There are 2 protein chains.
Amino acid sequence: MAGEVNIKRLAQELNISIATVSKALNDSYEISLKTKNRVLSLAKELNYTPNPAASNLRSNKTKTIAVIVPDVANNFFSLAIKGIEEIARKYGHHVLIYQTHEDAEMEKSFTNSLLNGRVDGILTSVSSNEYNSDYYRDLVKKVPLVFFDRVYESLDAFKITTDDYQISFKATEHFIECGCQNIAFLYGLGKLPAGTARFTGYKDALIAHGINFREELVLDYSEDEEVNFANIKTLFKKHKPDALFSSIEEFIIPAYMACAELKFSIPGDVKILSFSNMSSAKLLNPSLTTITQPAFEIGNEAAKCLFKILNKKGMDDDKDIVLKSVLIKRASTGC
Amino acid sequence: MAGEVNIKRLAQELNISIATVSKALNDSYEISLKTKNRVLSLAKELNYTPNPAASNLRSNKTKTIAVIVPDVANNFFSLAIKGIEEIARKYGHHVLIYQTHEDAEMEKSFTNSLLNGRVDGILTSVSSNEYNSDYYRDLVKKVPLVFFDRVYESLDAFKITTDDYQISFKATEHFIECGCQNIAFLYGLGKLPAGTARFTGYKDALIAHGINFREELVLDYSEDEEVNFANIKTLFKKHKPDALFSSIEEFIIPAYMACAELKFSIPGDVKILSFSNMSSAKLLNPSLTTITQPAFEIGNEAAKCLFKILNKKGMDDDKDIVLKSVLIKRASTGC
DNA sequence: TTTAATTACGTAAACGTTTTCGGATAAAAT
DNA sequence: ATTTTATCCGAAAACGTTTACGTAATTAAA
């Protein structure tokens, strides 16, 4: 009984046409204030809410945006999502969240499932396992899309990133100021601009301070945590680095465990810092120096950007927004 | 041009009716294998995907489910969501995620926005700030809904929970076996069954071992982390507990910080354990003994349950599923 | 006073599906 | 030869909105 409250029902009870009701609900200029009030108050009384499917079908608007991230369990992404939601809520949009788990195929499959008008726009942070530039070159023409953090550089699309190069340069200098000379680099996201920028910032800082870059001090990320653990131990034994620059959060656990197992003291024997948004960084033993990205703000900016596109405003704005990360010095670098 | 590929277009190109096309796409028994193949292959060739709005409008099915949680940044919930997604993907459903940030009003507002047919069903873990039993009593009649972890006990609805009472009892016994006598309880989720069950398990274990329950050793959770920090310090100074049983993850950071500031050694001066799904628990200083809930499995079970409802199967199954948590002993309890 | 403009509302088509019902054909049963 | 049944397909309505267009009533301009 009470379930079937739709526009037709409102129209009948008020003795007006459904067109008038619809327009009144959408605050159209064509409708007098008096009838608007009549409609609105009855709608409220009957607890009317518009059917989204019908509305979407007719208007081609879904009031939903999609967020595609590798993993919501990652601190960075969960914060970014929070930033996105804040804006989405402001614009009355729902948020559809997809996790790719770094699987490029799943990423494409998810994205494709959104192209038939399921969402108004997409915010994406691409998977790190494959560089799928061609796919995205097509995609950005088909749907409003904003990249954040993990972007494709060459594309003509809106991109929100951070100052990976500069902050990595600065972090490396921090090591050097603490007296480190053999700074190892734990290399993640190698296929993405963010990864290479972090690496280049590290390398350039070494060179700028007259320290030779040594290929053998670079360790590539493996998805298998055990492998990373083993690799770090090997790195320690073979090359005795006095510092570890971890370019992604995932290296922290195996690095700390390796130090514990090899009885290396942090920061005495080796100093460590890492890109990270872990809230417990300050509780590690010892507390971890981090490069912390403004994750919430990135999500915030990305979402704002998308709604600019959806509302056709500021299309001539700069398509590249770069936010600043911050280096938080703690005990693991010890100075 | 290529954008407007819908059923009508397929029908025209194949010289058959749109009804036939629709039925073929839905693998109806009314359609011959031959025409099914013709339709399917053309659909694939033209990259046809059905318009979800139209489909939803007509069929009253959205192929989406909603997940309502307090916070995706919480390790427990992000894992649970992963478990949900696995099942949703299996059934070809999309997942809409909402964060309430423990705000009961926002929770109601979100939930209400889903009642007009935006989703086929809801998985929810209710906010801890208010006990909104009346609201949910109405709600479960209107929409397929499954509670997980944070439930309303009195309702006739599907609920996935864990053995909070038993595991808390066991954890308290672990303290006692380690020689603790003044075990403080950091009390969270007090308005929810999960919270009270944990508290009761703690209390009953004390009594079972002839230890007096002391009200002054119980500390209620505050949303303000600074307040928790201060309260824990006061607790330490006033009552010198030799153990801290944290019933929620959020107490860990202030507890560790308080110990550090007061120069209390863990587990020497005070032993600590906490409900937690933090992956870095083993890296804390010292590594933290945890009660870890099977978060992924909870999500998994909850989603399975919802799809049972949606497919009208197993409606006579037990509506209460209880999974087992596990006590992982580490250095912070020291024995 | 006539005409033009403005305001307020209604009619009906459209969005892309799904589904009910019925019909045509052919095979099987009588 | 007639009836029944099975198989395959189409016509058309329906889902609940939005919106282009038309029109009557009122007001402003001529």
Side-chain angles (χ1 to χ4, degrees), chain A residues 2-40 42-43 46-64 92 94 113-120, chain B residues 2-40 42-43 46-64 92 94 113-120:
Chain A
E4 321 129 350
V5 41
N6 50 24
I7 277 195
K8 197 197 285 180
R9 165 94 178 274
L10 295 181
Q12 279 171 349
E13 302 221 0
L14 292 172
N15 260 320
I16 56 180
S17 77
I18 63 168
T20 304
V21 175
S22 173
K23 289 174 191 168
L25 291 170
N26 291 313
D27 200 27
S28 161
Y29 67 96
E30 292 182 29
I31 306 299
S32 73
L33 191 63
K34 189 178 152 199
T35 45
K36 272 184 192 172
N37 287 334
R38 290 214 311 147
V39 172
L40 259 358
L42 182 63
L46 296 186
N47 225 326
Y48 166 79
T49 50
N51 180 304
S55 168
N56 171 15
L57 177 59
R58 179 55 223 241
S59 67
N60 266 318
K61 301 209 187 319
T62 61
K63 292 241 154 206
T64 331
H94 296 246
S113 78
L114 301 173
L115 292 183
N116 46 18
R118 184 173 283 273
V119 298
D120 293 341
Chain B
E4 321 128 350
V5 42
N6 50 24
I7 277 195
K8 196 197 288 178
R9 165 95 177 274
L10 295 181
Q12 281 172 346
E13 302 221 1
L14 293 171
N15 260 319
I16 55 180
S17 77
I18 63 167
T20 304
V21 174
S22 173
K23 289 174 191 169
L25 291 170
N26 291 315
D27 201 27
S28 160
Y29 68 95
E30 294 182 26
I31 306 299
S32 72
L33 191 62
K34 189 177 151 198
T35 45
K36 271 184 192 171
N37 286 335
R38 291 214 308 146
V39 171
L40 259 358
L42 182 63
L46 297 186
N47 225 325
Y48 167 79
T49 51
N51 181 304
S55 168
N56 171 15
L57 176 58
R58 179 55 224 242
S59 68
N60 266 318
K61 300 207 184 324
T62 61
K63 292 240 151 204
T64 49
H94 297 247
S113 79
L114 300 174
L115 293 183
N116 46 18
R118 183 173 283 273
V119 298
D120 294 340

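Being a predicted model, the structure only gives us computed values, none of them experimental. Numbered from 1 within each chain, the chains take letters A, B, ... in sequence-line order.
- Side-chain atoms of A/Arg58 and base atoms of D/dT18 include a donor and an acceptor less than 3.5 Å apart.
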Handout entry: side chain to side chain contact (heavy atoms under 4.5 Å, CB included) assessment of B/Leu10 paired with B/Leu46
Key = CA-CA 9 Å; B/Leu10 295 181; B/Leu46 297 186; 3.9 Å; yes

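- In this structure, CG of A/Leu14 is placed 10 Å from P of C/dG10, rounded to the nearest angstrom.
- Taking atom OH on B/Tyr48 and atom C1' on C/dT17, their separation rounds to 7 Å, with Å as the unit.
- Using a 4.0 Å heavy-atom cutoff across all strands shown, A/Ile18 reaches at least one base atom of the nucleic acid.
- Going from atom CG of A/Asn51 over to atom P of C/dG16 covers 17 Å, rounded to whole Å.
- C/dG16 atom P lies 19 Å from atom CG of B/Asn60, rounded to whole Å.
- Distance NZ (A/Lys36) to P (C/dA8): 9 Å, rounded to an integer number of Å.
- Side-chain atoms of A/Ser22 lie closest to D/dT18 of the nucleotides D/dT18, C/dG10, C/dT17.
- Side chain of A/Leu57, nearest nucleotide from C/dT11, D/dG16, D/dC9: D/dG16.
- The distance from atom CG of B/Asn56 to atom C1' of D/dA14 is 14 Å, rounded to the nearest whole Å.
- When each of B/Leu25, B/Leu40, B/Val39 is tested with B/Tyr48 by the rule side chain to side chain contact (heavy atoms under 4.5 Å, CB included), just one qualifies, namely B/Leu25.
- Checking the phosphate oxygens (OP1, OP2) of C/dT17, no side-chain nitrogen or oxygen of B/Asn6 falls inside 4.0 Å.
- Within the nucleic acid shown, B/Ser32 comes within 4.0 Å of sugar-phosphate atoms alone, with no base atom in reach, counting heavy atoms only.
- With D/dG10, D/dT18, C/dT18 as the choices, the nucleotide that has an atom nearest any side-chain atom of B/Ile7 turns out to be C/dT18.
- A donor-acceptor pair under 3.5 Å links the side-chain atoms of A/Lys36 to the main chain of A/Ser28, judged by distance alone.
- Residue-to-nucleotide contacts include a donor-acceptor pair under 3.5 Å from the side chain of B/Glu30 to the base of D/dC9.
- The minimum heavy-atom distance between A/Asn56 and B/Ala53, with the atom names listed, is ND2-CB, 3.1 Å.
- In this model, the phosphate group of D/dT17 is not approached by any side-chain N or O of A/Ser55 to a distance below 4.0 Å at OP1 or OP2.
- Heavy atoms of B/Lys23 sit under 4.0 angstrom from at least one base atom.
- Rounded to whole Å, the distance from OH on A/Tyr29 to P on C/dA8 is 11 Å.
- Contact between the side-chain N/O atoms of B/Thr35 and the OP1/OP2 oxygens of D/dC9 is found at a separation under 4.0 Å.
- The interatomic distance linking B/Ile31 (CD1) with D/dG10 (P) rounds to 8 Å, in whole Å.
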Practice task
Evaluate side chain to side chain contact (heavy atoms under 4.5 Å, CB included) for A/Val5 paired with A/Asn47, printing each intermediate quantity in order.
Solution key: CA-CA 8 Å; A/Val5 41; A/Asn47 225 326; 5.8 Å; no

